[in-house]
Amino acid sequence: MKSALALYFSQERILEVTKMNDRSSAKKNVKLGPLGAEPPLFETAAMFQESLHRFAEEEMRPVGMKLDRMTPEEVAAHDSPYWDVRRKFAELGFGIETLLSFEPAERAKMMAIFFEELGWGDSGLAISFGAGMLPQYMCAALGRQDLLEEFPDALLGCWGITEPDHGSDSLDPNRMIFHSQGNYGRPNCIATLKPGGNEIVINGQKSAWVSNGTIAKVCILYCALDQGDGPSTERGCVVIVPMDAKGVSRGKPLDKIGQRALNQGEVFFDNVRLPVRYLLAGADQFQDAVLAIHTAANGLMGAVFTGVARAAYELALDYAHERKQGGVPIIRHQSVAYRLFHMFRKVEASRALVNRVIHFNFGATPALHAAITAKITGTQTSFEVASDALQIFGGNGLTREYPVEKLLRDARASLIEDGCNEILAIKGGYYLIDGGRV
């Protein structure tokens, strides 16, 4: 007697299924959902995605376009459109405490949806909103409920880690990829903690790439620590810094090629004295704290720029149906259909990887090299897909009349921020070394 499996895959069954498909769906285009070939979302996630998508489309996109045409000073000004869209984002209620209230698997899915939809709306605003949540995220992650209550979601945050003389080096405190003949040199920002003291004193500066640097209300500061034996960048510290503290000042907003809706600028510290309770992580916890924030940031960067890639693909797909050359819509030309398919393929692959990585990293032991794969894949995909989208738009794509040139500029910046992709790839590769085999 044949097994059920054998019967199902018998020649007769194959012919029957083939005929049924020919009759019903062979000539139909299966319509995918807003997140492509994504399995059905659980009810809360579906409502979450719909609400975020509407906000991204109706609020983020038009404001992002306005901010892109403004000077950095105008973007940061008190009457800037930025503050209105920031207020509306806060009113959605999707803060850190809400997101962390979900079970890990649901939280991972929500975070992936959250940042892809924000990236689809406008990557500069997405990173501003995301960086704005990092102080609260790390307070929650490190179990500091007292500081989470003192510095709630309503306060716009920033992450101060990169320095004028130490860019991606700042993300490598364990010197995993440091050149054997290299010397880190003196750090640009140093916190001093005297044994038995009740305050921490900060001096120095963080570079112009601090997201929300000139407008934030609170900073999560990663810097070298001096406990009496000189400053150490390997055994540094993490401090919550109220940006209205005496001795804190800001530089000019940075003028840059892309993500112009994202305020960035230098932060200076002149004898800034804070109570020691603002210390989130000391020397013994510093490298773990860098790993924690870097893992989270890289995973979410992958999601944001998957959203950028998806936006570029969708714009190109719509344009290819509207634009005619040779008497037909250009999507009828084989080269355009071929290019669009590979854009679609890359977006789908990026989303799948990012979802997988974020899900894994909300488990017991997050993996930085997994997060690095998400960041590099998402950002590289966004740049490639935006470039292909501009090619489909042709000459129109070069003009500011169409949004695709902005997406290309935004995507280009992503290959450098949160650790340039080349350095991240080397660090990720070193994580693959099996010490027992070499």
Side-chain angles (χ1 to χ4, degrees), residues 25-38 49-50 52-70 116-126 257-261 303-352 377-415:
S25 62
K27 294 183 179 179
K28 292 180 181 178
N29 288 332
V30 176
K31 298 295 184 183
L32 301 178
L35 299 178
E38 181 78 25
Q49 184 274 327
E50 184 180 345
L52 276 169
H53 187 77
R54 185 166 56 250
F55 173 74
E57 182 174 33
E58 296 175 1
E59 304 292 344
M60 293 180 72
R61 279 199 171 178
V63 172
M65 291 294 289
K66 286 181 183 177
L67 295 172
D68 185 64
R69 310 289 176 87
M70 295 166 64
E116 180 178 334
E117 288 293 355
L118 294 184
W120 181 89
D122 184 89
S123 62
L125 290 173
I257 184 175
Q259 298 176 30
R260 294 177 61 82
V304 167
F305 286 94
T306 297
V308 173
R310 173 179 143 213
Y313 160 70
E314 291 175 358
L315 287 169
L317 182 65
D318 288 345
Y319 186 78
H321 282 82
E322 299 162 4
R323 175 69 169 172
K324 290 185 178 180
Q325 289 289 295
V328 295
I330 61 173
I331 198 167
R332 292 294 186 186
H333 292 282
Q334 288 184 342
S335 64
V336 174
Y338 176 91
R339 189 186 298 272
L340 281 166
F341 176 79
H342 282 291
M343 293 163 68
F344 164 76
R345 172 186 62 80
K346 290 177 181 180
V347 173
E348 289 292 301
S350 181
R351 178 183 299 112
T377 300
T379 56
Q380 189 65 39
T381 295
S382 73
F383 185 61
E384 292 173 4
V385 172
S387 180
D388 280 341
L390 191 146
Q391 193 70 20
I392 288 173
F393 273 77
N396 285 337
L398 301 173
T399 71
R400 287 197 165 191
E401 183 182 349
Y402 293 84
V404 69
E405 61 86 27
K406 175 183 178 296
L407 292 177
L408 184 63
R409 289 187 283 110
D410 291 346
R412 184 61 185 87
S414 74
L415 306 182

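The shown structure was predicted, so the numbers you read here are calculated from the model rather than taken from an experiment. Hydrogens, waters and symmetry mates play no part in the numbers below; they use all other heavy atoms, side chains included.
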Please identify each residue that fulfils side-chain contact (heavy atoms from CB on, under 4.5 Å) with [X], with sequence neighbours left out.
X      : result
Pro62  : none
Thr377 : Ser350, Leu353, Thr381
Ala389 : Ala312, Ala316, Met343, Val404
Glu38  : Leu35, Leu41, Lys109, Arg351, Asn355

What pairs of donor and acceptor atoms, side-chain ones from residues 392-399 against any protein atom, are under 3.5 angstrom apart with sequence neighbours left out?
{"residue": "Asn396", "atom": "ND2", "partner": "Tyr319", "partner atom": "OH", "Å": "2.8"}
{"residue": "Thr399", "atom": "OG1", "partner": "Asn396", "partner atom": "O", "Å": "2.8"}
{"residue": "Thr399", "atom": "OG1", "partner": "Glu401", "partner atom": "N", "Å": "3.4"}

Working to the nearest 0.5 angstrom, can you tell me the gap between [X] [atom1] and [Y] [atom2]?
X      : Y      : atom1 : atom2 : value
Arg69  : Arg400 : CZ    : CZ    : 5.5 Å
Phe341 : Tyr313 : CZ    : OH    : 9.5 Å
Glu57  : Asp122 : CD    : CG    : 14.0 Å
Ser123 : Leu407 : OG    : CG    : 7.5 Å

Any idea which heavy atoms bring [X] and [Y] closest together, and the distance?
X      : Y      : result
Ile330 : Val336 : O-CB, 3.2 Å
Leu340 : Ala320 : CD1-CB, 3.8 Å
Ser414 : Ala411 : OG-O, 2.5 Å
Gly119 : Val308 : O-CG2, 3.6 Å
Leu315 : Pro403 : CD1-CG, 3.7 Å

Would you find more than 12 non-hydrogen atoms of other residues, nucleotides or ligands less than 6.0 Å from Gln334 atom CD?
no
Partners of [X] by side chain to side chain donor-acceptor pair (under 3.5 Å), sequence neighbours excluded?
X      : value
Gln325 : none
Arg310 : His53, Glu116, Glu117, Glu314
Thr379 : Asn421

Run the salt bridge (Lys or Arg N to Asp or Glu O under 4.0 Å) test against Arg409 and tell me which residues pass, sequence neighbours left out.
Asp68, Glu405
For a 4.5 angstrom cut-off between non-hydrogen side-chain atoms, does [X] reach [Y]?
X      : Y      : answer
Met60  : Leu118 : yes
Ser382 : Thr306 : no
Gln49  : Pro34  : yes

Hey, does the side chain of Asp410 reach the backbone of Gln259 with a donor-acceptor pair shorter than 3.5 angstrom?
yes
Main-chain N/O of Met70 paired to Arg260 side chain as donor or acceptor, under 3.5 Å:
yes
Sequence neighbours left out, what pairs pass salt bridge (charged side-chain N to carboxylate O under 4.0 Å, His left out) with at least one residue falling in residues 327-347?
Arg339-Asp388, Lys346-Glu384
Quick one: list whatever passes ring pair (Phe, Tyr, Trp, His ring centres under 6.0 Å) with Tyr338, sequence neighbours left out.
His342
